[in-house]
Every structure is written in structure tokens, then in C-alpha cells.
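If you're wondering where the values come from, they're calculated on a predicted model, not measured in any experiment. This chain uses plain numbering: 1 for the first residue, then up along the sequence.
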Amino acid sequence: MGVGGHFWDLLKPHARTEGFDFLRNKRVAVDLSFWIVQHETAIKSSARSPHLRLTFFRTITLFAKFGAFPVFVVDGTPSPLKSKARIARFFRLSGIDTSDLPKVEDRISVDRNRKFAKCVKECVELLELFGVPVLEAKGEAEALCAELNRKGFVDACITADSDAFLFGAKCVIKSIHPNSKASTPIYTSLLLYVTSFLPCSLEYHHMQEPLECYFISDIEAALGLNRKHLIAISLLVGNDHNLNGVQGVGLDTAVRFVQDYTDDEILNKLYEIGNEDNSMLQGGLELVNDYGQSLKMSSRKIKCSHCSFCGHPGSKRAHVKFPCEYCDVSHGEGCIKKPDGFKCNCSSCDTDREEKEKKKQENWRLKVCKKIAMEPNFPSSELIQMYQCDNHSYFSDDDLVLSWGSPRTEMLVDFLVFHLRWEPSYIRQRMLPMLSTIFLREMANNPIQTLLYGQYEFDSILREKIRYGHPFYVVKWKKAVPTLSNVIYEGSSEGFGTGPDDAIDIDETVDLTDESDSPKIHIQDGCSFLLTDENIDLVGAAYPEQAANFLQEKEMKRQKTPTTPACGTSGKSDSSKGKGVQLSITEFYRATKTQQQTSETTDLTNEDEETSTGKRKASTSSTLSKSVRRRLLFD
């Protein structure tokens, strides 16, 4: 979607890959309509309400994993040009004759089908329950996303529609890979070594930085193309509003043509060529032949004679006895015979080659101009005006206030239970990473004593961990209501069949959610705890004292860590071994075969212990199903 002719392939070499912290505390505009189209395409009818399912998880991912402030934008009323293009695309795919297509002047406006409109309405309702701002564009959603980015209301746009650059976007995020590894130097070297033995067509998105970003500044610096140049390219190769473009003009030709003109000249040049007389262009073409030589001037031009033996200026007779000034001959008489493919570098030949190249370029440019002039009603003033319009919304800049409220959790649970048939405890569990992120943000801005989700209070920072190549704090939250068992386990979605295992990114099949992001549950000494992975800077801003104490204790433990014992201490008992000593593989992983051989003897000699052990196991997680555990913690 967007500019035709594989436009993204042109920009791909100039893309940046950004890490997880790129969107942290930044506002980002999301083209919701494009997401919904991809939801339906990716999952089809294999899941219930895929648009709601993935919008739910993607929104949580943007909040919790990337720390962003998303603003969602939906399409408004499509323009007559877009409606005509939609009709033409439908007829083309259906193999129907397009000779009777309605004209643009008919002002036809074709709305989305009812099913799509229903999906948009349900997603908007879901996002409003999340407390996320949702804006409606006058026309295209990517146009309003680009306008918000251009005017500084948001820092980036998430869309795969390349029209965003034509509407003035400064930063476009085309694809997101949230489960990607960080590109550390060692990791990058290993990746290059591994991929050197594999086909070049294979792509490993999990080995990349998570965000694929395109900046208009990089495009201008690398290709010399700015916004007006991109508009001109879209007019030549086609776009969502004019599928055909100019017949016979591809992307490479269009880029080469517009690069010959400045930003202020290019659109005026297209107007000029579009209104040019075809007969004048034809006459101009006849002045130049296919070899780049002017037919009229070639008869008048007298070319300097060259020696047929050495190829340099002068006659062969003059070069027989004495070498010419261009031949470097130390011994003997006469010039050196020219090799195959010889080209003379004298001033006359250089000038002649420059003139031929210039004439060849003029000939090519005139042919392109002829193709443009033959296109009726080119360029479209209405389309250029739409791309350069500065108002794609129903509100003014002064009236726009972007604010993010707190999620209405219980209403969200009821909404998703009704539409997706999910268990309430599962919904609350999946929402917790987002709720904890919002809670920490609020604590950083206004440090007051409140509870996370009204049930959990901040207890401590348990440890630091590396996830996807980035450091995180494992935060321990204590539940106000005590529990009975002493168990440790992880929340899981097994048995429900509703976990997000086939989400996609903007344009490729990539898992946008992570099952491991579900909070770990720890029940000990009659108290219930949750373990969540949180951003280090966010935790430090919300609880500076606890973060400072954790770092201090971490430094003290590092200083007190015992060194590895010497080889002479190998005769000591296992209990005297240092903690830093790694166990052998046979000690760490007990062989199952040995256990099976001794199991019968153990059962006979320890019958009483088995009874007591069974009672102890019954008091642990084996007596509680996973759904029961969720209800205890999240209901």
C-alpha cells in the first residue's frame, strides 16, 4: 500500500534499526485501520475476533515492553480518488472490463464494508477502555498520523503505508519485532558468522533490533529526495489514489527523472510537461539519434583524424618513423600498436564523449517527457493538493489535547469475556505488565502510597536480569490478602487455547506477544507475591531509595563473593565447595536410567517417607489447577 513500484525496496538500504528504548516515553501515532486489515489477513477465521485479540496484546506490548504512549488513528470518509482506485482494484482483480468505470468528476465515495466498520468500532471501544486517545481522520489515517508527526504532536508513526512520507511524516516505523535480541558486538559477530553459511534469502527477525525505522532526513541525505520529490515519484509510478501512474515509467526511471530537478522545480516541471504540445516533443526527439548524436550537428562537425595504428591524434604516415607525443617509447622508432578496446584520452575525444553522453541523457529525458505528455489530465491537481494539505483532522491544533487515562480494568474484563470468551483471571494476568508500567509512571510523577491494581504493593527489587539483550529489574509485589500454600510457579495460558501465538508485525509474520511476559507468582509464608520485569530507569524514578539500596547491596555482594578454591582443596567435602564452582553435567542432570534402577528399592525401604512426601506434595501446586491459581491471585 502507498507508492507503487516496490517503493519500500528503494528505501530499505537507508532504514535504521532501533532498540527497545527508542520509543520509551515517546508519543507514537498508530494507523489502526491498517492493523485491522493485517489481523484479518493473518489469522483469517481460525480465531475468534482476531482484530480485538491482537489489538489487545499489541497495545499492552507498546505500553509495557516499549514504554510508549500510543495514539490511535482511524480512517474517515475516503476521497473520491481513493474510491475510484478501490473500484478499479476490485474490477481488476475480478477480471471485469473497466471501460465503464465512473469518472472522478462524479464525486463517488465508497465507504468500507459493514464488517470492517464493525471491526473498527469494536477496536475503538476496546482502546477507549484502555484509556488511550483515538482520533478520526478526515480521509486517510496515515495522513493524520503524518500530520501529527510533522507538527510535533507525536515522535513517530507506525504504519506500512508509504504514503505517510508524502503527507509529511518525519519518522515512520514500518515493522516491529518485540522479541528481537539486542545487537551487541559479540552477538552481531556471531550472527554474521552464522548467516555466512546460509542462503541470503533467509531472514532471522529475532536476531535484529526490534524497530525498523525510516527517517525522511536519511532519505534526503542518501537519495536527494524530499517530500515534493516523493510526491512526483508517486504520480509517475502510481499510488493508492491512481493505480496506473504514467504508462511505461517505472520506479528507477521516475527516481532518475526527478533527481534532475530541485524541490521547488519538480512539481512545476510536471505541470509544464503535462501541458506541453506532443508535436514539439516529437520534433525534439528527431533532433537526436539513438547513438546520442545530433543529426544536424554531426554533418557540420569536423572530427580530428586519428592514427589507425596507435589510436592517437595524427596520421599513420607521420607516426611510422617518429612516435607521437602520446606514445611513451624509450627504444626504437614509431608508435605502439593500440590494444583491443583502446580509447583515446585526448581533449578532442574527451569532449566528443561528453557531448555524446549529454545528448544521450537529453534523448532519454525527452522520451520520458513524451510518455508523461501522452498521459491525460497529468498531473492531478487534486491529488497534489491532497498530499500537500495541512489539515487532515476535524480539530484545530489549539484544540488538540492528547491525554492517557487509567484503564477501566473491570469493564475491559467484561468486554473481553463477552467478545473473546476468555477467563477473567487470564485477562487480568495479561494486563498486569501494562498496569504495572502505568503504576510506576504515576509513582514517578506523584509519589503517593497506592496499590497496584488495588491489591499489590511494592515490596522490593529481587534481582537484575537480561531479557532480549537488555537489562531489567525483577520487581517483587506483595498482595494485601494472604494465602495458605508455600509454592512457586509461573502463570501460563496452557489449556485455554487463547494465547497469542500467531500475531504478526506490520508486514511479516512475527510474534508480537511473549508468553514469558506473564507475571511469575510466588507464594511463601502465607503471603502472595508477583514478580514482574520492569524497566530499570522507570523503577529508579518511582522508587529511588529502594533502587539505591538494591545497587548498594549488589555491590556489597560482589565484593564478598568468594574466589574459586584451588586444586588442592578437591579432597574436601561437597559442602565446603565455593558457590562459584560449577557442578559437573552428571551432578546437575541426574540420569533417568539410574533412577529407574533404584526406584523399586527406594519404594520398599522408604514406604513411610513416601506417605509423608505425598501429603507434602498435596499441599503444593499439584493440588491446585492453573485456573484456580489465577483466580486466587487475579480475581
Side-chain angles (χ1 to χ4, degrees), residues 1 23-40 42 49-78 112 116-161 163-164 167 169 171-176 178 211 392-395 399-408 411-412 415-416 419 431 434 437-438 500 503-507 512-513:
M1 297 178 66
L23 291 180
R24 190 159 302 281
N25 298 325
K26 291 183 179 179
R27 300 179 176 186
V28 55
V30 182
D31 184 356
L32 178 62
S33 299
F34 192 78
W35 271 16
I36 296 175
V37 171
Q38 289 189 321
H39 296 171
E40 298 294 333
S49 301
H51 56 287
L52 291 176
R53 179 177 179 269
L54 294 187
T55 299
F56 172 77
F57 287 110
R58 285 183 172 185
T59 304
I60 293 176
T61 297
L62 287 177
F63 265 100
K65 186 171 289 189
F66 292 99
F69 289 86
V71 180
F72 290 87
V73 181
V74 298
D75 288 322
T77 304
R112 293 277 192 178
F116 185 85
K118 181 182 178 182
C119 292
V120 173
K121 183 179 179 180
E122 291 176 349
C123 287
V124 169
E125 185 177 353
L126 173 65
L127 293 170
E128 289 177 346
L129 293 176
F130 267 122
V132 179
V134 181
L135 306 177
E136 181 181 0
K138 285 184 177 179
E140 303 300 317
E142 68 271 12
L144 182 53
C145 290
E147 181 182 343
L148 294 174
N149 186 206
R150 187 179 73 254
K151 293 181 178 180
F153 289 104
V154 298
D155 300 287
C157 307
I158 297 180
T159 180
D161 199 324
D163 278 349
F167 289 109
C171 175
V172 174
I173 301 175
K174 180 176 180 285
S175 46
I176 303 176
L211 302 176
H392 297 280
S393 61
Y394 293 103
F395 47 83
D399 297 334
L400 178 59
V401 178
L402 298 177
S403 60
W404 288 259
S406 299
R408 289 175 278 182
M411 295 183 67
L412 266 170
F415 180 85
L416 294 173
H419 287 280
M431 287 179 57
M434 176 181 176
T437 299
I438 297 175
I504 64 168
D505 75 355
I506 300 300
D507 63 344
L512 270 190
T513 59

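- Rounded to the nearest 0.5 Å, atoms SG (C145) and CZ (F34) are 12.0 Å apart.
- Shown here is K151, whose NZ atom has more than 12 heavy atoms of other residues, nucleotides or ligands within 6.0 Å.
- Interatomic distance, L129 CG to L416 CG, rounded to the nearest 0.5 Å: 8.5 Å.
- The CZ atom of F130 lies 5.0 Å from the CE atom of M434; values are rounded to the nearest 0.5 Å.
- Here the CZ-CG distance, from F56 to L127, works out to 11.5 Å after rounding to the nearest 0.5 Å.
- Atoms CG and CD, from D75 and E136 in turn, are 9.0 Å apart once rounded to the nearest 0.5 Å.
- For the residue pair F63 and T437, the shortest heavy atom distance occurs at O-CG2, 3.6 Å.
- With R24 contributing its side chain and K65 its backbone, the two residues share a donor-acceptor pair below 3.5 Å.
- F69 has its side chain out of reach of L402: every pair of non-hydrogen atoms, C-beta onward, lies at least 4.5 Å apart.
- For N149 (side chain) and C171 (main-chain N/O), a donor-acceptor pair under 3.5 Å exists by modelled atom type.
- Checking each of L62, T55, T61 against T59 for a side chain to side chain contact (heavy atoms under 4.5 Å, CB included) leaves exactly one that passes, namely T55.
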**Study point:** Stepwise side chain to side chain contact (heavy atoms under 4.5 Å, CB included) check, R27 with W404
**Key:** CA-CA 11 Å; R27 300 179 176 186; W404 288 259; 3.6 Å; yes
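- Between the side chain of E147 and the backbone N or O of H392, at least one donor-acceptor pair lies under 3.5 Å.
- In this structure, the separation between CG on L144 and CG on D31 is 10.0 Å, given to the nearest 0.5 Å.
- Using modelled atom types, no side-chain atom of D155 and backbone atom of V28 make a donor-acceptor pair closer than 3.5 Å.
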